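Report on one structure; see the data block that follows.
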Amino acid sequence: MKYSDMMIEKWFEENKEPNIQQFENYNETYVKLWIDPWFGMNGENPPQSYFNGILDCYSQLYKNWKNYFANKEIICDLQVWLFEKNYRKIELVAAKIDQPLSQRNNYFRTCPEKRVFPKNQFRSDEFDPDKFDWKLFFDTDEKHEKLDALNKGDIESLLADGYKEELVNGERSFWKVLDHVWVGRII
């Protein structure tokens, strides 16, 4: 067995069940692709063959987590996040909700584009994208004038770099699209 295969298996075993303590304390829990060497790399995605194996693991984790929450009678919004460009940012998220079938959609900015989910990009032996309802969002970098202590020069640089400006609750905010993210929930 290759080292990277062993790392994927170890990561899977460590995340077979959700971190319920984190869920209770923060109203959510998640698992990211914490597998070397991809977790620490800047900009490089895993080779497609490894990513397909990772998708298989996420498919099984989704099923495990769904069963775990159902057996404990805990309602949550279970989501998988797939990023079009940056595969390394894939996540499985369980968010606490008040009503069954509610959705928590405050993680990303809504994308107004009407596009079809890229099935061929995200298909593996175990991961069947047709079993999910997919919604497209923007993954953004966000800066806030007061929170980030932005000065006039910082703001000019952000605007020159393509950031959009908006006023939120009386504070100037700036954001730029980094990627498109597909949020999926099993149908």
Side-chain angles (χ1 to χ4, degrees), residues 5 7-36 38-39 45-46 48 50-142 177-187:
D5 292 334
M7 295 303 293
I8 292 170
E9 183 62 29
K10 180 180 179 220
W11 167 84
F12 175 80
E13 289 298 322
E14 291 171 352
N15 295 288
K16 282 197 324 194
E17 289 186 350
N19 181 335
I20 199 65
Q21 187 72 38
Q22 183 182 47
F23 183 81
E24 290 172 356
N25 291 342
Y26 300 103
N27 295 324
E28 64 187 22
T29 189
Y30 60 92
V31 61
K32 291 184 177 188
L33 184 60
W34 293 303
I35 304 172
D36 285 330
W38 305 295
F39 180 65
N45 285 319
Q48 192 64 47
Y50 283 107
F51 186 68
N52 288 346
I54 292 163
L55 278 176
D56 289 345
C57 288
Y58 268 96
S59 180
Q60 187 59 50
L61 288 175
Y62 194 106
K63 292 172 191 170
N64 291 357
W65 285 28
K66 185 176 180 177
N67 289 336
Y68 179 91
F69 285 112
N71 290 338
K72 301 278 186 187
E73 297 181 356
I74 299 171
I75 59 169
C76 71
D77 180 14
L78 193 56
Q79 313 173 11
V80 64
W81 300 348
L82 297 176
F83 296 77
E84 285 189 354
K85 290 189 240 175
N86 191 343
Y87 293 0
R88 295 171 299 114
K89 291 178 74 175
I90 184 174
E91 283 192 47
L92 176 60
V93 177
K96 199 175 272 190
I97 52 175
D98 295 325
Q99 305 276 332
L101 304 177
S102 295
Q103 293 184 351
R104 190 152 142 208
N105 291 314
N106 62 338
Y107 293 104
F108 302 102
R109 287 182 176 268
T110 301
C111 178
E113 297 173 38
K114 299 294 179 213
R115 294 183 16 209
V116 176
F117 181 80
K119 293 179 190 179
N120 293 335
Q121 184 176 351
F122 299 109
R123 185 179 294 281
S124 67
D125 292 339
E126 297 292 322
F127 187 81
D128 182 359
D130 290 331
K131 292 183 178 178
F132 291 80
D133 177 41
W134 296 101
K135 291 192 174 119
L136 183 61
F137 293 88
F138 287 134
D139 178 30
T140 58
D141 182 40
E142 309 230 358
V177 175
L178 301 176
D179 202 348
H180 288 88
V181 58
W182 291 92
V183 174
R185 297 168 176 94
I186 285 192
I187 303 170

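Sequence positions, counted from 1, serve as the residue numbers for this chain. Predicted model, so just to flag it, every value in this text is computed and none were measured.
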Verdict with supporting geometry, Leu82 and Phe117, side-chain contact (heavy atoms from CB on, under 4.5 Å): CA-CA 10 Å; Leu82 297 176; Phe117 181 80; 3.8 Å; yes
Worked check of side-chain contact (heavy atoms from CB on, under 4.5 Å) between Arg88 and Asn45: CA-CA 6 Å; Arg88 295 171 299 114; Asn45 285 319; 4.1 Å; yes
Check against salt bridge (Lys or Arg N to Asp or Glu O under 4.0 Å), Lys89 and Asp179: CA-CA 10 Å; Lys89 291 178 74 175; Asp179 202 348; over 6 Å; no
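Judged by distance alone, the side chains of Asp56 and Ser124 do bring a donor and an acceptor atom under 3.5 Å apart. Between Tyr107 and Glu91, the side chains place no donor N or O within less than 3.5 Å of an acceptor N or O (distance only, hydrogens not considered).
The six-membered or imidazole ring of Phe83 lies away from that of His180, with a centre-to-centre distance of 6.0 Å or more. The ring of Phe127 has its center no closer than 6.0 angstrom to the ring center of Tyr62.
Between Tyr30 and Trp34, the two ring planes are tilted [angle within 30° to 60°]. The aromatic rings of Phe69 and Phe23 sit tilted, their planes meeting at an angle between 30° and 60°.
Of all non-hydrogen atoms in Phe138 and Thr110, the two that sit nearest each other are CD1-O, 3.7 Å. Trp65 approaches Thr29 most closely through the heavy-atom pair CZ3-CG2, 4.0 Å. When every heavy atom of Ile75 is checked against every heavy atom of Pro100, the shortest pair comes out as CD1-N, 3.8 Å. Between Tyr58 and Val31 the shortest heavy-atom distance is OH-O, 3.3 Å. Counting all heavy atoms, side chain and backbone alike, Tyr68 lies closest to Pro18 at CD2-CG, 3.4 Å. The two residues Ile8 and Ile54 have their closest heavy-atom pair at CD1-CG1, 3.9 Å.
Around the CD atom of Glu14, the shell of radius 6.0 Å holds more than 12 heavy atoms that belong to other residues, nucleotides or ligands. The environment of Asn120 atom CG is sparse: at most 12 non-hydrogen atoms of other residues, nucleotides or ligands sit within 6.0 angstrom. Counting heavy atoms of neighbouring residues, nucleotides and ligands inside a 6.0 Å radius, atom CG of Leu101 does not exceed 12 of them.
Evaluated for a ring pair (Phe, Tyr, Trp, His ring centres under 6.0 Å) with Tyr87, the options Phe122, Trp81, Tyr50 yield exactly one hit, Phe122.
In this structure, the side chain of Gln121 engages the main chain of Glu84 through a donor-acceptor pair within 3.5 Å. For Ser59 (side chain) and Glu126 (main-chain N/O), a donor-acceptor pair under 3.5 Å exists by modelled atom type. In terms of modelled atom types and a separation under 3.5 Å, the side chain of Asp77 and the main chain of Arg104 share a donor-acceptor contact. Under the 3.5 Å distance criterion, the side-chain polar atoms of Trp11 are matched with a main-chain donor or acceptor of Lys32.
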Could you list the donor-acceptor pairs under 3.5 angstrom formed by side chains in residues 129-136, with sequence neighbours left out?
unit_1: Asp130; atom_1: OD1; unit_2: Lys119; atom_2: NZ; d: 2.8
unit_1: Trp134; atom_1: NE1; unit_2: Pro129; atom_2: O; d: 2.9
unit_1: Lys135; atom_1: NZ; unit_2: Gln103; atom_2: OE1; d: 3.0

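A distance of 9.5 Å separates CD in Glu24 from CG in Asn19, rounded to the nearest 0.5 Å.
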